Structures are given as structure tokens and as C-alpha cells.
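Quick note on labels: first sequence line is chain A, next is B, and so on, each numbered from 1. Computed from a prediction, not measured in an experiment: that's the story for all the values here.
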Amino acid sequence: MKTEITQTDNTVTVSVCGRLDTVTSAEFEKTLAPHFATQGLELVLDCREMEYISSAGLRVVLTAHKNVTAKGGRFIIRNINKEVHSVFDMTGFSRILTIE
Amino acid sequence: MKKNRKKLRGSISGRLTARVLIVSAIIFTLTFTVFLRMAANKVREEATHKAHSELSNAIHQIDAVLESVEVAIENTAWIVPHRLDSPDFMYDITERLLKNNEFIYGSSIAFEPGYFGSEGHFFAPYSYRDENGEIKSKQLGSETYDYHYMDWYQIPKLLDRPYWSEPYYDDGGGDMIMTTYSKPLYDSDGKMYAMITADLSLEWLTDLVGKIKAFDTSYNLMVSRNSSYIVNPNRDLILNETIFSSTYGDNEESLKKLQDDMVNCRAGEVLRKNNGARYFVFYSPVETTCWSVAIVCPVSELYKGVKKMRDTLIVLGVLSLILMIAMSHKGIRKVVAPIEEFSDVAKKIANGDFAVELPKIRSNDELKELHDSFEHLQHSLVQYIEELKSTTANKERIESELRIAHSIQMGMIPKIFPPFPERDDVALAAKLVPAKEVGGDLYDFFIENEKLYFIIGDVSGKGIPASLVMAVTCRLFRSVASHFDKPEDIISSLNESLADGNDSNMFCTAFLGILDLKTGQLQYCNAGHNAPLIIDNEGKVSPIKVIPNLPLGLFSGFPYQGQETVIDKQMMIYMFTDGVNEAENRNMEQFGDERLISLLRSNSSLEPNEILEKTFAEVKLHANGADQSDDITIMCIKYC
């Protein structure tokens, strides 16, 4: 898995490329964690090149969602593919996350 | 002894010694060869110089004699025309010539036929030395000895100049080899009227040439203008053979050059091969008579000194090589000995003796580096082994704890199948295989009041963190399930407990159902879990319609919605965690929902436990040796 971060004003876009599984989730969480403390941040997760997400990955996504929204920010998921979307649907995550 | 020999052959010292030996032998051989060749050339140069100086000395002496004869004739000939009035005086002239020159054996003044009418057709006064050395005179010409046709008379007459005759064997007087010098005498009209001659014995010449001793075993030859041998150790050849007749059949280049040079009065030297032996022939001409004097020297004689030198050098070379091998082998052995000791040390270290004493190295070179490296190796190994021991102990402790944790976890889920052997209205099979020692999957079930309560769940992640949440969820289900009638109430209760203080956002997906065994009514609530599959008695496989809700433990107070359906007899509820459909092979290809459904469809007539085993076998087949990436759990319930 590779991540790429672009930052403009109050928006941080994290592009994920590859598989977000048990092993890579820990690294992914470390990548996101520094932005959790920012007030009113718009954190965008670009999943155009995300191939797979496991339950451990879901946990990190949810942690990000909870932290960012707790600070008055927005957590947005973009460009998720069909497989990843069905995981979000099945677990009910698509109901609480902002997926564009 | 045997061991030592083997050591030498296969050892560094052996190889180095062999290399030193080979290189030295090559250098020695090259040096000796060049040296010997130079020595041989020098010897040959000096031999040539010496031979030619001997030859030149001899020729000088010969020339002196020949010249003295020529001078004697010259000093006498002038008298003849003044005394032509007295034919008898001619005897006085010839006698005086002999008295004045000891080399002259005989002398005549031979006149043209009938020059003196009074003396007749033949008139040739002749003086000679008899066997006692007395000088005698006589008239030479006669009907039986017509000197006018003799070579000594004819040739100079025709040539119009003085002439040295070919050597000849004089069997008349002294039984010796002679040569005759003839000088024509001319009158005032330039007409030749007489021939004055001097016979010269060649005995002195044989002595002179024979005495040249240029080399120990050399011998000398002399050949005439016509190539006849005049001097030859083999006396039979003298005057009987020529350098052409005696070598008939030999066409070698060196011989041709020799013959050509001798015939044309040239000096030189050639290397001749004759009957396997090789000879140097040095030769030089006597200009006056065009005779050639030659020194023949066997090559072996010439190179005797060089050969001796060569033998000495070979002996010396071999001796020095032996000495060199002995010294260098000893030296190299001394140098490489520590390597063998290091080898032994390495073996001892390999056997666990880390404290083994290293060989002492006093030199400050590569061996010292090796020594230091070994020392470093020893220290590092000791340290590493200590660390390893501690790590291993830790690992063993953790592993042991994990083993215990595994058995505790497995003890939390029902593991006796069939679980309800006394009942014929339900058949149930379930199996959980964690990816590691402990996992986050769970299942549980029990019957109370003719109702079957069951749950299957999957905690996010895996390993120890997941196992803790799994344990909590399992225990909560057991303790709270029977207090509620509706699955959504049980799920909500579990959610509240799990969400409380869940700072790490761990969550658990779950499917919880209550099957009324009397009516077949199924109440269920899904908390973000995969939708279970219903297998009907016709082999149709379809997912149960589920509201996803949310996994347990995320949001306190989340309103979980329950659902219900009716299960017909012979239908099966097949529940699984994502370890099944997302099982991967080495190419990261997932097992997939389609394959699972098709597998169930073709095995719908089997009993729950058989379907379960089928699924595990098929998943294993798909993984094809790839590590199990997630916990796998299946629970299958058949309503009868």
C-alpha cells in the first residue's frame, strides 16, 4: 500500500493505492493520525486506487471519521470502487460515512 | 606420514611451493639457455678467430717459402740469356740455384726443341739432390722423356707466365710429393726459348700443415688448385682423391659452399655433418698457388667447455631448486600454520566453544586482521547468543501464553458436535479456525424454551486485540441473550457494553438469530455482518435480506433494526465470516461469493457438518498453500 498526501488550505487529501489490510492499516493509521488534532479540517480519502479494505482498515477509516468530526471537521470518502463500496454497505458504514 | 603428504598436496603451502618451483625452474632454464647460447657463440667466435689466425700464420710461412723459390728463379733467370753461347754453363746455373736455396730439390732449364743445334732436339740441363744430399746434374730430355709435352712445360708456355704445377708424386728420385715452379724465358723478339724450373718438395709443407694444432682433436687438410688432397691424415687420399671425389653423393649446402670457396680461393668456415658427427671446417687459401688449407674440428671438441659448463649449471640449478623448495616450503608453512589453527578454532566455535583461545599473532598483517576478526566474532557470538537466549525465552513464554490463550478461547465456543443429539428438529455444525493462535471470530448458540439462540461474529483485525473483544462479546451474548426476546434488543445491549470506553474503535460485526423450533419463525438482527445464505430443500441458495445496521461497539445508542422470516423444514441457514469468501491464494485472488454459492448449491443435499467440511476443503484447495490471512468461521443450521 502507498499513500500520497496533498494539502490545500484546510483540506488534506489522502490518496490510497493498493490494499488496506491488517498489516497496512497500522501504517495507514500513523499517516492519518497527525491530522486528527486539527480543528475544522476537511479530510478527504481518495480511494480511486484502493483495491481492498479489510475490517482492520474499516477501523482506521472509522477512527479517522470520529476524530475529524469530533473537531468540527468533515471526513469525506471519494472514488471508491464497487467492491469497497459493497463492504461499506454490508457493514452499514456507508450510512454514517460521507461517501461522494 | 600419509596425512602429511595429503596436507602438502591439498594445502596452500603445497600449492605456493609448487608455484615457486615452477617459476624458478622456468627462470633458471631460460637464464641458463640464454647464457649457454651466448657462451657457445663466444666460443665459436673465438674458435673462428683462433683457427683463422693459425691458418694465416701457416699460409704466411708457406708463402715465404714459395716466394723464396720464385725470387731464387728470378735472380737466376737473368743470367741465362747472357750465357746462351755456352750450353754447358746452364748446368752451373741450375747447380747454383740448388746451392742457394735449400728448399729447391731440383732445377732445370729446358729449351725449345733443337734450340742449340749442336745439342740436338732435347736439351734440358737438370740438377737435383741425391739421397745423400749431394747435388748432381744430368740432361733430362730424351726420346722417352719428351719434356716438351709435360705439364710443367706446356702450361706456363701456353699461359705466357710463370706457373706452379699441380703437386705430383715423384717416384723417380725422392719418393715424395713435389711441385714445380716454371718460368718461361723470352728472347728479344718476345719469343719463348726456354723454361726455367724449380722443383719443390712438399714434405716440409706436410710437416708445416700437420703441425697446426688449433684444437686438441682437430686435424688439417690442404688441397691443390685442382682440389686434390695435398695434406690429409688419411695418406691414401693424398693426390688420389679430390674434395669432390671423396665426398661423392653428399649434396649438403655446407659442402657446396666449402667446395665453391676452395675452388675460387676464398676463406671461410662451414659446419659440416658427416656420419652423424658435426664438424667445423675453417679454411683459407694460399694466394700464390690457389691451394687451400683447412682446419677440421669436431663440434663436440669446440663446445667441450660449454658442455662442461652446462652440466655444472644443471647440477647447480637442481641443487638450488631443491634448496629453494625446502626453504620456501618451510617458510610458507610457517606463515600458513596460523590459518590451520584458525580453522581448528572455527570448528571449536562452531561446536559452541566460544571461549576457545585464539592463535597468537605477532606480525601486523592480514593474519593479525584475521585474528582481530575472529576475536570480534567471538565477542559478537557470545553477545548474540545471550540475546538469542533471552529472545527465545521471551518468545517461548509468549508462545506458551498464546497456546493457553488459544485453549481458553476455544473453550469459550461450543465444540461438541452434534450439540443436540437428542433432538431431531435441528442439526447444527460450526467451526472456527483462527489465522493465528487466537483470533477475533466467534460463534455461539444455545436452546432455551424451544428457541435456538445463535450468533456469529467477526471482530475487526485479528490476533490478541481482536481476541479480547471476541471474548467479551461471547461472554456478553451468553449472559444477556436469554433476558431478551428480540434479537435487536440483544444486539443493542451488546453494542452498549462494547461501545462503552472503546477508545480504540475496535468493533465487531455480528449476525444474531432466534429460531423458533416449533414454528420455524426466524427473528434476526444483523450488525454489519455478511448476509447469511439460505439453502432450501430444492438446492436454491440465496442471501437473507438484511439491514446492515452498524457493527457492534461503534456508536452507543445506535438504533438496531431487527427482521424476521420463516424457515421451512429442510432449509439450512449458512453463516460465515469474511475469512471464507475473502480467502486468498498466492496471487491474491479471493475465493469469492460466487464460488461459495455454487459450492453450496451443488452440495445442498448434504448435512450441515458435511457442508462445513466441504467448504473448508474447498477454501484450502483455493489457498493452495498460501498462509491463511484471516480467521475462518462457518456455522450451518438445518431446520428439520
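Between chain A and the options B:P548, B:G440, B:S629, the largest number of non-hydrogen pairs under 4.5 Å is found for B:P548. Between chain A and the residues B:N526, B:D630, B:N530, the largest count of heavy-atom pairs under 4.5 Å involves B:N530.
Both the backbone and the side chain of A:T63 have a heavy atom closer than 4.5 Å to some heavy atom of chain B. In this structure, no portion of B:V546 lies under 4.5 Å from any heavy atom of chain A. At a 4.5 Å heavy-atom cutoff, A:D21 makes no contact with chain B through either its backbone or its side chain. Of the atoms belonging to B:L554, heavy atoms from both backbone and side chain fall under 4.5 Å from chain A. With a 4.5 Å cut-off on non-hydrogen atoms, A:R59 touches chain B through its backbone and its side chain both.
The line from CG of A:L41 to CZ of A:R74 is 11.5 Å long, rounded to the nearest 0.5 Å. Of the inter-residue distances, the one linking A:T22 atom OG1 with B:K462 atom NZ reads 4.0 Å to the nearest 0.5 angstrom.
Relative to the ring axis of B:F555, A:K66 places its NZ or CZ within 45° and under 6.0 Å from the centre.
Between B:F454 and B:Y443, the distance separating the two ring centers is not shorter than 6.0 angstrom. Ring to ring, A:F93 and B:F507 are close: their centroids are under 6.0 angstrom apart.
Side-chain contact annotation: B:D441 with B:T633, donor-acceptor N/O pair under 3.5 Å present.
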